[in-house]
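First up is the structure itself, then whatever we jot down about it.
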Amino acid sequence: MIQVQLPDGTLQEHPDEATALDVAAGIGERLAGATMAAEIDGMVVDAMRPLKQLTDADPVPLKLLTNRDAEALGVMRHSCAHVMARAVMRLFPGVGLAFGPTVANGYYYDFELDEPIREDDFERIEQEMRAIVKEAEPFERFHLGRDEAIEFCGELGQALKVEHIETGLSEHPDLSFYRQGEFVDLCRGPHVPDAGRIKAFKVLSVAGSHWKGDASNGRRLQRLYGTAWFSKKEQAAYLERIEEARRRDHRVLGKQHGLFSITPEVGQGLCLWMPKGASVRSRLEDFIKAELLARGYDPVYSPHVGRVELYETSGHFPYYRDSQFAPLFTHDAGQLVDGWIRRLEGGALGEQDEQALCAAAAVLGCDTSSYPANGTRDERVAFLHHWERTQERFLLKPMNCPHHVQIYKSQPRSYRELPVRLAEFGTVYRYEQSGELNGMLRVRGLTQDDAHQFCTPDQVEQEFRETLELVKFVLASVGLDDYRVQLSLRETGSDKYVGSQENWDLAERSLRNVLEETGLDYEECAGEAAFYGPKADFMVSDCIGREWQLGTVQLDYNLPERFDLDYIGSDNRPHRPVMIHRAPFGSMERFVGMLIEHFAGAFPLWLAPEQVRVLPISEDRHAEYAGQVTERLQAAGFRATTDLRSAKVQSKIRDAQLELIPYMAVVGDKEAAEGSVALRDRIDGDLGMMPVDQAVARLREEIDGRQVRQVVKSEFKGFEGETAADNEY
RNA sequence: GCUGCUGUAGCUCAGUCGGUAGAGCGCGUCCUUGGUAAGGACGAGGUCAUGGGUUCAAGUCCCAUCAGCAGCUCCA
């Protein structure tokens with residue numbers, strides 16, 4: 001007999017071969033039916049395996065995982081991924097299986113298959129899945145030794161599984177498999193007891209992927225995404241959330257409401273701000289500029305380009321070469337020599353090609369007569385570098401910091417004037433991979449609400465503290481109150497970071513101290529730091545529960561070193577300042593794009609491009625009074641227009657509603673006689689007649705308080721604490 | 001950058017088997033002058049993304065390019 005201890009402390013006796021499922025059945029039939037898996041000492045395991053196989057503990061600390069537990073949801077989804085793979089194998093004979101893990105809200109399975117899977121196929125895949133679920137066959141686990149396992153997968157024709165056992169799982173002495181009817185898959189598990197426990201599922205999308213995430217190995221896979229839930233109701237809520245997100249797509253709303261546009265004529269990832277989008281942006285910029293002035297920042301301006309040497313010194317140019325626009329050369333041969341150097345350094349330059357380059361460079365006016373063609377590679381590179389350095393090369397700036405550093409450096413600094421805070425809405429250019437571009441959220445030209453704070457090491461904590469306050473304040477001003485901070489730290493043992501060990505320790509400690517002290521919800525992430533220092537990123541949740549990385553605060557002990565910055569201390573000796581990079585919004589593009597989705601295009605009054613529209617009942621009789629009202633509203637500082645079309649007022653109201661104008665002012669005979677308006681609210685509808693002054697006061701109050709009145713919360717909750725499982729197989 | 005899918009009027013989309021290009025909304029003109037989410041009539045709008053190819057004939061089939069979408073990889 002074995003002893004089992006349940007979470008409430010009760011002890012039970014069970015036969016030696018008892019499983020968690022047996023324990024559940026002993027408590028109640030319904031519980032057994034709802035049991036998906038079990039948890040022993042925090043480890044999620046199969047409910048159908050004998051407890052003795054799973055632990056030596058006595059008594060066995062057992063928790064039954066049912067359709068009320070987030071952990072069970074992951075198990076069930078992973079089982080559903082197997083069901084999907086089984087269905088696909090039936091419909092596409094000869095398909096190769098790769099990986100099939102769970103992800104947030106669902107799962108995927110990667111297949112190796114020549115024939116493309118199309119959306120039209122989803123229905124029959126789901127049908128096959130329904131048939132498999134209806135059969136409710138059990139998931140059976142078994143083990144094989146390495147050699148047997150390789151032979152077994154070979155016999156099944158699963159070459160990728162063989163490869164994975166030989167490489168990824170080379171340390172595993174024996175391998176576990178799960179069988180479900182005719183379908184067998186190498187898998188760590190755990191799984192639900194039988195397929196019948198999958199109550200709601202759907203195949204969602206198909207996309208390309210790469211074997212083990214490596215694009216260079218040339219092995220293309222097809223990734224089929226699906227979702228699964230404990231009930232149809234939960235699934236419906238989730239699908240509705242996806243729909244809601246689609247309805248809020250800033251690319252669609254941005255076009256519809258004339259906020260921004262991205263055209264092939266201008267270029268991929270280069271955003272044109274239309275008047276209405278520019279209006280929203282400029283409200284935000286004015287707001288934060290005023291805030292910065294109040295907080296002791298000095299606004300500065302700097303150009304969009306800078307000499308390449310600036311970014312060589314900062315380290316950005318060599319580190320991010322591939323994600324920058326190519327340098328601009330003033331000499332005709334510049335680009336050629338640059339490509340020449342890179343080919344030499346890459347070791348991929350033939351003798352003939354080199355001679356051709358030599359000749360071509362000469363034609364373009366670069367004197368190559370003393371080029372050491374027979375010298376070492378280093379000598380040849382040095383010759384070309386030397387020439388290049390005599391030439392002007394510019395870079396579209398990928399960062400504002402080097403320019404701000406030059407402003408700091410332009411005069412001697414005393415500890416008395418620190419911190420120096422230089423702020424600029426600086427536009428930077430990054431050559432993002434084409435597949436990464438996404439509306440305003442990921443662009444190639446973006447404007448950061450950037451600033452750099454230069455301070456003494458002693459001031460770091462206080463500066464960081466104040467900066468966190470600023471970020472919190474600006475997020476609150478647009479009604480974003482649901483966020484957490486990700487503290488990105490270095491990864492021990494990696495060589496991608498610059499700067500001394502002591503500085504990193506100091507920086508990380510300072511950030512952690514202040515975050516602790518402010519009580520912000522934060523989480524540490526090793527390996528996510530920038531190459532020059534740790535950072536605190538604000539992860540903001542929007543009204544339908546999606547998380548966005550917006551503001552960032554980054555400590556930097558590196559650039560001051562590289563640019564040899566100093567200030568004179570009270571000891572009359574030079575000291576090294578510390579830099580803080582920070583951008584509360586992140587970039588204006590990304591921030592406004594996120595706001596469009598958060599507000600579903602319906603901006604709060606203080607940000608709305610058009611705040612009030614005056615609607616005359618009759619175009620010819622009330623046009624004059626409508627014009628007067630509009631002028632009064634404009635004089636009071638509102639963005640107001642008049643709708644003078646010869647349409648019925650119902651139709652004008654409908655259009656204004658669809659254009660998401662916050663307020664309408666209807667004017668007819670009565671209003672004209674009394675000097676009033678019939679105010680209509682986008683949200684609450686008709687507010688009745690009131691004097692114009694009263695309407696002005698009402699709107700003024702809403703704007704001054706930066707009120708956010710309409711943010712629809714999503715029905716979808718998901719599972720508290722749910723995370724994507726880390727599936728090894 | 002890679003894989004897959006897509007590209008028809010300002011917008012959203014039909015377009016069968018390869019046989020002279022369609023709708024709704026929007027826009028323009030005219031009629032209508034109205035009271036809180038669509039009044040009516042008429043009209044203008046397209047080198048079917050671009051460039052090649054196959055064919056008597058291409059929006060439709062093939063190739064390339066460009067752009068968009070989904071995903072992968074990346075993100076100072």
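Keep in mind the model is a prediction, meaning the values are calculated, not measured.
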With a 4.0 Å cutoff (strictly under), does any side-chain N or O of [X] reach OP1 or OP2 of [N]?
{"X": "Q554(A)", "N": "A76(B)", "answer": "no"}
{"X": "R251(A)", "N": "C69(B)", "answer": "yes"}
{"X": "Y225(A)", "N": "C72(B)", "answer": "yes"}
{"X": "Q268(A)", "N": "A67(B)", "answer": "yes"}
{"X": "Y319(A)", "N": "A76(B)", "answer": "no"}

Cut-off 3.5 Å, side chains only: do S434(A) and Q268(A) have a donor facing an acceptor?
no

Quick one: label E265(A) by what it contacts on the DNA or RNA (base, sugar-phosphate, nothing), any heavy atom closer than 4.0 Å.
nothing

Using 30° and 60° as the class boundaries, would you call the ring planes of [X] and [Y] parallel, tilted or perpendicular?
{"X": "F325(A)", "Y": "Y431(A)", "answer": "perpendicular"}
{"X": "Y408(A)", "Y": "F454(A)", "answer": "parallel"}
{"X": "Y532(A)", "Y": "H581(A)", "answer": "parallel"}

Quiz item: cation-pi between R77(A) and Y107(A), 6.0 Å / 45°:
no

Side-chain ([X]) to main-chain ([Y]) donor-acceptor, under 3.5 angstrom:
{"X": "K409(A)", "Y": "D564(A)", "answer": "no"}
{"X": "Q611(A)", "Y": "Y663(A)", "answer": "no"}
{"X": "T227(A)", "Y": "K202(A)", "answer": "no"}

Syn or anti conformation of G45(B), syn meaning chi within 90° of 0
syn

In whole Å, what separates the [atom1] atom of [N] from that of [M]?
{"N": "A49(B)", "M": "U12(B)", "atom1": "P", "result": "15 Å"}
{"N": "G24(B)", "M": "G34(B)", "atom1": "P", "result": "29 Å"}
{"N": "C17(B)", "M": "C74(B)", "atom1": "C1'", "result": "47 Å"}

Taking Watson-Crick (N1-N3 plus N6-O4 or O6-N4) and G-U wobble (N1-O2, O6-N3), each under 3.5 Å, can you produce the dot-bracket string of RNA chain B? Use [ ] for crossing pairs and | for inter-strand ones.
(((((((..((((.....[..)))).(((((.......))))).....(((((..]....))))))))))))....

Do R442(A) and C74(B) share a donor-acceptor pair, side chain to base, under 3.5 Å?
yes

Name the residue closer to the 5' end of RNA chain B, choosing between S323(A) and T263(A) according to the nucleotide with the nearest heavy atom.
T263(A)

Heavy-atom nearest nucleotide on RNA chain B for Q448(A) versus S434(A): which residue maps closer to 5'?
S434(A)

Readout for nucleotides 29-36 of chain B: B = base within 4.0 Å of protein heavy atom, S = sugar-phosphate only, - = neither; 5' to 3' it is ---BBBBB

Flag side-chain contact, heavy atom, 4.5 Å: F99(A) against L221(A):
no

